[in-house]
Undergrad: 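Next up is a structure, given as structure tokens.
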Amino acid sequence: MVTNEELVKKAIEARSNAYVPYSRFAVGAALKTDNGEVFSGSNIENASYGLTNCAERTAVFKAVSEGKKTLTSIAVAADTEEPVSPCGACRQVLSEFLPTDGKVILSNINGMVKEMTIAELLPGAFEAKDLNNE
Ligand SMILES: O=c1ccn([C@H]2C[C@H](O)[C@@H](CO)O2)c(=O)[nH]1
Ligand SMILES: [Zn+2]
């Protein structure tokens, strides 16, 4: 079983692979799937700034593209004074693959940790059931 502490450690480690020549702000993420596997990711920037992929979405897309569609928790880490908080785009993507009580562990490289659920981070998320073709 991977603990929250281990997930935070892996998120911090993942920062070393961040591609951040523009912001110099390295972010790492590490998630756990329902079968206990761990996937990590870092942010990947682009000269066309808006094409940047956040660390959280990198980790999610790695897991889902390997067939692991149900996630249980994700840790995110950066060099911030307070635990780093996922952007709105990542919250929506996380809500697709985490159950409503799925854990998001906000953290920083100094070891501060704040655990929240995805429902707390994104109340009223847009869902598949909101589509009128279901
Ligand atoms: O939770 C966050 C917040 C920001 N970023 C990235 C996007 C960009 O590369 C840099 C600055 O916004 O940090 C993430 O990866 N995750
Ligand atoms: Zn994001």
Side-chain angles (χ1 to χ4, degrees):
M1 255 297 281
V2 185
T3 64
N4 285 356
E5 291 70 33
E6 286 165 338
L7 224 46
V8 168
K9 189 163 176 271
K10 285 182 184 296
I12 292 171
E13 283 168 7
R15 291 179 69 246
S16 62
N17 292 319
Y19 176 73
V20 288
Y22 308 106
S23 74
R24 306 261 169 217
F25 185 72
V27 184
L31 62 78
K32 191 168 63 175
T33 67
D34 61 349
N35 65 345
E37 284 182 70
V38 173
F39 289 84
S40 63
S42 60
N43 51 333
I44 304 169
E45 299 185 342
N46 192 275
S48 178
Y49 294 176
L51 300 182
T52 291
N53 207 66
C54 295
E56 300 92 317
R57 279 176 291 142
T58 301
V60 169
F61 296 153
K62 281 173 66 179
V64 176
S65 63
E66 295 289 329
K68 315 299 154 50
K69 298 184 185 67
T70 306
L71 315 178
T72 58
S73 52
I74 182 167
V76 51
D79 184 2
T80 43
E81 277 186 27
E82 298 294 321
V84 69
S85 189
C87 80
C90 288
R91 292 176 193 209
Q92 179 65 35
V93 169
L94 289 170
S95 77
E96 184 83 20
F97 300 106
L98 280 172
T100 49
D101 63 350
K103 305 291 182 294
V104 185
I105 306 152
L106 320 183
S107 69
N108 67 14
I109 61 168
N110 302 318
M112 287 176 72
V113 168
K114 182 179 180 189
E115 187 178 310
M116 299 184 74
T117 66
I118 186 60
E120 288 171 329
L121 283 169
L122 187 64
F126 182 74
E127 297 177 61
K129 65 178 169 51
D130 298 324
L131 298 168
N132 59 17
N133 63 357
E134 285 289 304

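One-based numbering, in listed order, for ligands and for the atoms of each. For this chain, numbers begin at 1 and follow the sequence in order.
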Undergrad: Of the protein's non-hydrogen atoms, which lies at the shortest distance from atom 5 (N) of ligand 1, and what is that distance?
TA: Val27 CG2, 3.7 Å
Undergrad: Just need the protein heavy atom nearest to atom 7 (C) of ligand 1, so name the residue and atom and give the distance.
TA: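 Checked against all protein heavy atoms, atom 7 (C) of ligand 1 sits closest to Thr52 CG2, 3.9 Å.
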Undergrad: Does a side-chain heavy-atom distance below 4.5 Å link Leu131 with Phe126?
TA: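 Yes, close enough: below the 4.5 Å cut-off.
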Undergrad: Would Asn108 and Val84 satisfy side chain to side chain contact (heavy atoms under 4.5 Å, CB included), going step by step from the backbone distance to the final call?
TA: CA-CA 6 Å; Asn108 67 14; Val84 69; over 6 Å; no
Undergrad: Between Glu66 and Lys68, is there a side-chain N and carboxylate O pair less than 4.0 Å apart?
TA: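 No, this pair does not count.
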Undergrad: Nearest 0.5 Å, please: how far is CD in Glu37 from CG in Leu31?
TA: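 Output value for this atom pair is 10.0 Å.
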Undergrad: If you apply the rule side chain to side chain contact (heavy atoms under 4.5 Å, CB included), what do you find for Phe25 with Val20, and how did you get there?
TA: CA-CA 6 Å; Phe25 185 72; Val20 288; 5.6 Å; no
Undergrad: For atom 2 (C) of ligand 1, which protein heavy atom lies nearest, and how many Å away is it?
TA: Glu56 OE2, 3.4 Å
Undergrad: Go through the steps for Ser40 and Glu13 under the test side chain to side chain contact (heavy atoms under 4.5 Å, CB included), then give the verdict.
TA: CA-CA 9 Å; Ser40 63; Glu13 283 168 7; over 6 Å; no
Undergrad: What I want to check is whether the side chains of Asn53 and Thr58 have a donor and an acceptor closer together than 3.5 Å.
TA: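 Their side chains do contain a donor-acceptor pair, which is all the 3.5 Å distance test asks for.
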Undergrad: Tell me the protein heavy atom at minimum distance from atom 6 (C) of ligand 1, and give that distance in Å.
TA: Asn43 ND2, 3.4 Å
Undergrad: Under 4.0 Å, heavy atoms only, figure out whether ligand 1 is touched by the backbone of Ser23, its side chain, both or neither.
TA: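 Contact part for Ser23 vs ligand 1: side chain (C-beta onward).
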Undergrad: What's the SG-the Zn ion (ligand 2)-SG angle here (Cys90, Cys87), rounded to 10 degrees?
TA: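 So the angle at the metal works out to 120°.
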Undergrad: Which part of Ser85 is near ligand 1, with near meaning a heavy atom under 4.0 Å away: side chain, backbone, both or neither?
TA: backbone
Undergrad: Could you identify the single nearest non-hydrogen protein atom to atom 15 (O) of ligand 1 and state the distance to 0.1 Å?
TA: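 Result for atom 15 (O) of ligand 1: Ala55 N, 3.0 Å.
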Undergrad: For ligand 1, is there an atom lying under 4.0 Å from some heavy atom of Cys90?
TA: no
Undergrad: Test your reading of the structure: does Asn53 have an N or O sitting under 3.5 Å from an N or O of ligand 1?
TA: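 For ligand 1, there is no N or O atom that lies under 3.5 Å from one belonging to Asn53.
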Undergrad: Can you tell me how far CD of Glu82 sits from OG of Ser107, rounded to the nearest 0.5 angstrom?
TA: 12.0 Å
Undergrad: Leu121 pairs by side-chain contact (heavy atoms from CB on, under 4.5 Å) with which of Leu98, Leu94, Val104?
TA: Val104
Undergrad: When you measure from atom 8 (C) of ligand 1 to every protein heavy atom, which one gives the shortest distance, and what is it?
TA: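 Protein heavy atom at minimum distance: Glu45 OE2, 3.3 Å.
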Undergrad: With a 4.0 Å cut-off, strictly under, does atom 10 (C) of ligand 1 pick up any protein heavy atom?
TA: yes
Undergrad: Starting from atom 12 (O) of ligand 1, which protein heavy atom do you reach first, and at what distance in Å?
TA: Phe25 CD2, 4.7 Å
